[in-house]
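I have placed the structure first, in the form of structure tokens, so that the comments after it can refer back to it.
Letters A, B, ... are given to chains in the order of the sequence lines, protein chains preceding strands, and every chain is numbered from 1. From a predicted model like this one, the values you see are computed outputs, not experimental measurements. Side-chain atoms are counted along with the backbone in the values below, which use heavy atoms only and exclude waters and symmetry mates.
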Amino acid sequence: MHSHYKTYIYVERLSEYIGSEVVLRGWVYDRTEKGKLQFIKLRDGTGIVQCVLFKPNVAEDVFERAKQLVQETSFGIRGTVRADERAPGGVEIDVNDLWIYHIPPEQYPITPKEHGIEFLMEHRHLWLRSQRQWAILRVRAAVVRAIREFFDANGFVLADSPILTPNACEGTSTLFETEYFDLGKAYLSQSGQLYAEASAMALGRVYTFGPTFRAERSKTRRHLTEFWMVEPEMAFFDLDDTMDLAEDLVEHIVQSVLRNCQRELAVLGRDTSKLERVRRPFYRMSYTEAVEYLQKRGVKLIRKNPDGTESQLDFPWGEDFGAPQEEAIMEQFDKPCIIHRYPAEVKAFYMKRDPADPRVVLAMDMLAPEGGGEIIGGSQREDDYDRLLERIRHENLPEDAFQWYLDLRKYGSVPHSGFGLGLERTVKWITGAEHIREVIPFPRMIYRIVP
RNA sequence: UCCGGCGUAGCUCAGUUGGUUAGAGCAUCUGACUGUUAAUCAGAGGGUCGCAGGUUCAAGUCCUGCCGCCGGAGCCA
């Protein structure tokens with residue numbers, strides 16, 4: 001019988017063991033020596049605690065063995081938990097015994113000092129052990145947990161979409177391609193939405209949650225080629241229902257992180273008062289109102305001319321927003337804002353026209369404050385067979401490949417809507433990370449696939 | 001893809017108008033210290049100046065090409 005793991009004690013729960021002797025195992029985060037005193041910071045994945053060895057109080061061999069502990073040595077200790085104001089975290093361990101699993105034969109490359117980003121990215125597998133990365137990845141896990149809690153508690157069924165797909169969701173230029181036995185090419189999914197629509201017709205409210213892939217040659221601090229997205233899809237929801245749902249979801253995620261991740265947010269130095277404000281209702285603006293705002297504020301559109309020069313235009317109705325426009329719009333807001341009803345020309349073929357204004361579609365994006373950018377994109381879907389077919393032909397998409405998708409409009413078509421929330425963009429905003437590469441354990445970017 | 005920038009010690013960087021044997025801090029090693037939080041103090045070791053070619057009496061420094069990386073734009077979540 002091996003059920004020992006249930007008795008293991010971790011740093012995060014040490015305050016429950018003050019006065020008791022415990023066994024801890026982990027890695028050396030840092031060590032300093034001061035004559036007859038040694039301080040060893042033990043990192044066990046749940047936190048860091050300082051272990052103290054005072055020469056007169058420990059066995060000679062234990063004190064000598066502890067001197068071998070270079071950074072990232074794996075080791076275990078038996079010691080007494082003591083509350084001490086001088087210790088970071090308020091708790092420390094008086095060591096009674098100490099044993100070593102492995103001493104690094106070479107110097108650990110990442111020191112507690114500064115490093116450049118190229119060096120850190122090449123050592124991503126080790127960088128994960130640093131405090132800041134620890135905090136970010138724990139917030140990421142908390143965000144995922146909050147997302148699942150939210151949907152599971154609100155009548156949604158998890159119905160995952162395939163990752164290997166036979167055709168594009170929105171054009172083929174940005175797809176990763178691979179051979180699929182004798183059946184020709186397969187592509188890595190860039191959205192689970194179309195399949196989620198099929199699932200929603202079977203199960204009512206569904207969500208798909210998994211990795212998606214975009215072979216875009218983007219090189220910015222908010223792009224990855226592999227990223228995670230949660231995509232709810234709801235039968236009988238119109239655009240307003242969907243905007244309400246998106247607000248409820250984001251409010252739940254942020255408030256849940258605030259409830260569960262105070263330690264992590266403190267490590268990150270995040271100003272939590274800004275997150276506290278993320279309560280419904282959020283702000284909302286139509287695309288047309290947003291354009292008027294940009295024109296009034298004098299935010300220009302910079303356009304490249306064929307001769308290579310650039311010209312600045314008053315922002316024209318009909319252009320999609322880029323990062324500069326989104327930032328200008330969000331400057332005025334201290335919580336997220338939904339922009340809805342975009343020009344049909346800049347949006348995807350499956351979005352439903354607004355019956356009240358045929359120039360626009362029933363689409364919406366949610367922009368996060370504090371430079372968080374676009375975290376959600378969604379829409380009410382075109383549910384009319386003929387209009388959808390017309391859009392597919394207009395975009396020159398392969399009609400054959402969309403037969404199954406058109407079937408959804410043939411057999412009991414209903415109004416339905418959904419959206420995609422980018423997990424990494426959301427975590428980047430909540431943690432305040434400068435770059436999206438920090439919020440996924442092993443980022444995949446245009447010029448980096450190692451480690 | 002386009003625009004801009006950077007490659008010097010294990011790491012982060014300095015290096016003047018081209019001029020002797022290429023420098024600092026941290027890290028590492030040795031020694032001292034009973035409270036360190038990026039400890040402090042004393043000492044030691046550590047270099048293919050990204051790679052290749054060129055100019056020059058002389059190149060880390062100037063020129064050309066290549067490689068690697070970073071930031072931004074577009075596209076998007």
Side-chain angles (χ1 to χ4, degrees), chain A residues 29-41 48-57 63 67 70-71 82 84-89 92 94 104 106-123 131 169-171 173-174 190-193 211-231 246 301-305 308-310 319-326 346-348 364-368 372-378 419-429 434-437 439-440 445-448 450:
Chain A
Y29 194 70
D30 197 13
R31 175 178 163 278
T32 58
E33 195 182 334
K34 198 177 182 306
K36 293 174 179 151
L37 265 175
Q38 290 187 66
F39 300 99
I40 303 158
K41 290 206 182 81
I48 294 174
V49 68
Q50 178 162 272
C51 304
V52 184
L53 292 92
F54 182 40
K55 196 169 184 181
N57 295 351
F63 194 84
K67 286 185 177 173
V70 297
Q71 195 184 358
R82 179 166 46 74
D84 193 318
E85 282 180 6
R86 292 171 297 184
E92 63 183 18
D94 283 324
E106 285 174 35
Q107 189 191 333
Y108 185 70
I110 300 177
T111 65
K113 294 278 185 154
E114 68 212 294
H115 296 286
I117 193 62
E118 182 179 359
F119 178 82
L120 289 171
M121 287 306 294
E122 266 158 26
H123 295 86
Q131 270 280 74
C169 176
E170 313 173 31
S173 61
T174 60
Q190 53 181 193
S191 164
Q193 182 207 313
T212 51
F213 307 86
R214 306 255 169 109
E216 291 160 359
R217 304 184 80 81
S218 304
K219 207 175 131 13
T220 79
R221 55 186 140 164
R222 44 179 203 288
H223 284 89
L224 295 165
T225 57
E226 177 181 321
F227 66 97
W228 283 64
M229 188 155 65
V230 61
E231 295 172 279
L301 178 72
I302 294 166
R303 190 181 270 162
K304 280 248 165 62
N305 301 318
T309 59
E310 288 179 349
E319 279 295 323
D320 205 357
F321 299 140
Q325 286 79 37
E326 289 180 357
V346 302
K347 287 293 181 181
M364 63 98 170
D365 286 352
M366 187 189 290
L367 308 181
E374 184 182 342
I375 58 171
I376 282 179
F419 62 82
L421 174 134
L423 175 64
E424 287 78 11
R425 292 226 180 137
T426 304
V427 176
K428 175 177 177 288
W429 163 48
E434 281 297 303
H435 200 298
I436 200 164
R437 67 188 158 213
V439 306
I440 185 168
M445 293 173 298
I446 175 166
Y447 292 125
R448 186 172 293 283
V450 175

request  = Fit a plane to each ring of A:Phe119 and A:His123, take the angle between them on a 0 to 90° scale, and name the class: parallel (under 30°), tilted (30 to 60°) or perpendicular (over 60°).
outcome  =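 Ring orientation of A:Phe119 relative to A:His123: tilted.
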
State whether the distance check finds a donor on one side and an acceptor on the other, under 3.5 Å, for side chain [X] versus base [N].
X	N	answer
A:Ser218	B:rC75	yes
A:Arg425	B:rC76	yes
A:Glu33	B:rU36	no

Can you check whether [X] has a side-chain N or O nearer than 4.0 Å to OP1 or OP2 of [N]?
X	N	value
A:Arg437	B:rG71	yes
A:Lys34	B:rU34	no
A:Arg222	B:rA73	yes

Opposite nucleotide pairing with [N], Watson-Crick or G-U, both atom distances under 3.5 Å:
N	value
B:rC13	B:rG23
B:rU1	B:rA73
B:rG7	B:rC67
B:rU56	none
B:rU28	B:rA44

ask   = At under 4.0 Å between heavy atoms, what does A:Glu374 touch on the DNA or RNA strands: base, sugar-phosphate, or nothing?
value = sugar-phosphate

message = Once you apply a heavy-atom cut-off of 4.0 Å, does A:Phe54 come out as touching a base, just sugar-phosphate, or nothing?
response =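 It contacts base atoms.
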
For [X] and [N], give me the distance from atom [atom1] to atom [atom2], rounded to whole Å.
X	N	atom1	atom2	result
A:Gln71	B:rU28	CD	C1'	12 Å
A:Phe39	B:rC33	CZ	C1'	12 Å
A:Glu319	B:rG74	CD	C1'	12 Å
A:Arg217	B:rG74	CZ	P	18 Å
A:Glu92	B:rG35	CD	C1'	8 Å
A:Gln193	B:rC76	CD	P	14 Å
A:Gln38	B:rA39	CD	C1'	15 Å
A:Ile117	B:rC69	CD1	C1'	11 Å

Which one, [options], comes nearest to the side chain of [X]?
X	options	result
A:Glu118	B:rG68, B:rC75, B:rG35	B:rG68
A:Lys219	B:rG71, B:rG35, B:rU34	B:rG71
A:Arg221	B:rU12, B:rG71, B:rG74	B:rG71
A:His435	B:rU12, B:rU37, B:rG71	B:rG71
A:Val52	B:rG35, B:rC76, B:rU28	B:rG35
A:Met229	B:rU37, B:rU34, B:rA77	B:rA77
A:Asp30	B:rA39, B:rG74, B:rA27	B:rA39
A:His115	B:rC11, B:rC70, B:rA77	B:rC11

Interatomic distance at [atom1], [N] relative to [M], whole Å:
N	M	atom1	answer
B:rU20	B:rG60	P	10 Å
B:rU64	B:rU30	P	49 Å
B:rG5	B:rA9	C1'	24 Å
B:rU21	B:rC49	C1'	16 Å
B:rU1	B:rC66	P	14 Å
B:rA14	B:rG7	P	7 Å
B:rG50	B:rG43	C1'	34 Å
B:rG45	B:rA38	C1'	23 Å

Roughly how far apart are [X] [atom1] and [Y] [atom2], rounded to 0.5 Å?
X	Y	atom1	atom2	result
A:Arg31	A:Lys41	CZ	NZ	12.5 Å
A:Leu224	A:Thr212	CG	OG1	9.5 Å
A:Ile436	A:Leu423	CD1	CG	9.0 Å
A:Leu301	A:Glu319	CG	CD	5.0 Å

ask   = Is the aromatic ring of A:Phe227 within stacking range of B:rA77, meaning centres under 5.5 angstrom and planes under 30 degrees?
value = yes

Donor-acceptor pair, side chain of A:Tyr447 and main chain of A:Lys219, under 3.5 angstrom = no

inquiry  = Both A:Leu421 and A:Gln107 contact RNA chain B. Taking the nearest nucleotide for each, which residue is further toward the 5' end?
reply    =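 It is A:Gln107, whose closest nucleotide lies nearer the 5' terminus.
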
inquiry  = Reading RNA chain B from 5' onward, which residue's closest nucleotide shows up sooner: A:Pro324 or A:Ile375?
reply    =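 The residue closer to the strand's 5' end, by nearest nucleotide, is A:Pro324.
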
message = Quick check: closest heavy atoms across A:Phe227 and A:Glu424, and the distance to 0.1 Å?
response = CB-OE1, 3.4 Å

query = A:Phe39 pairs by side-chain contact (heavy atoms from CB on, under 4.5 Å) with which of A:Thr32, A:Leu53, A:Asp30?
reply =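 Filter result, single survivor: A:Thr32.
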
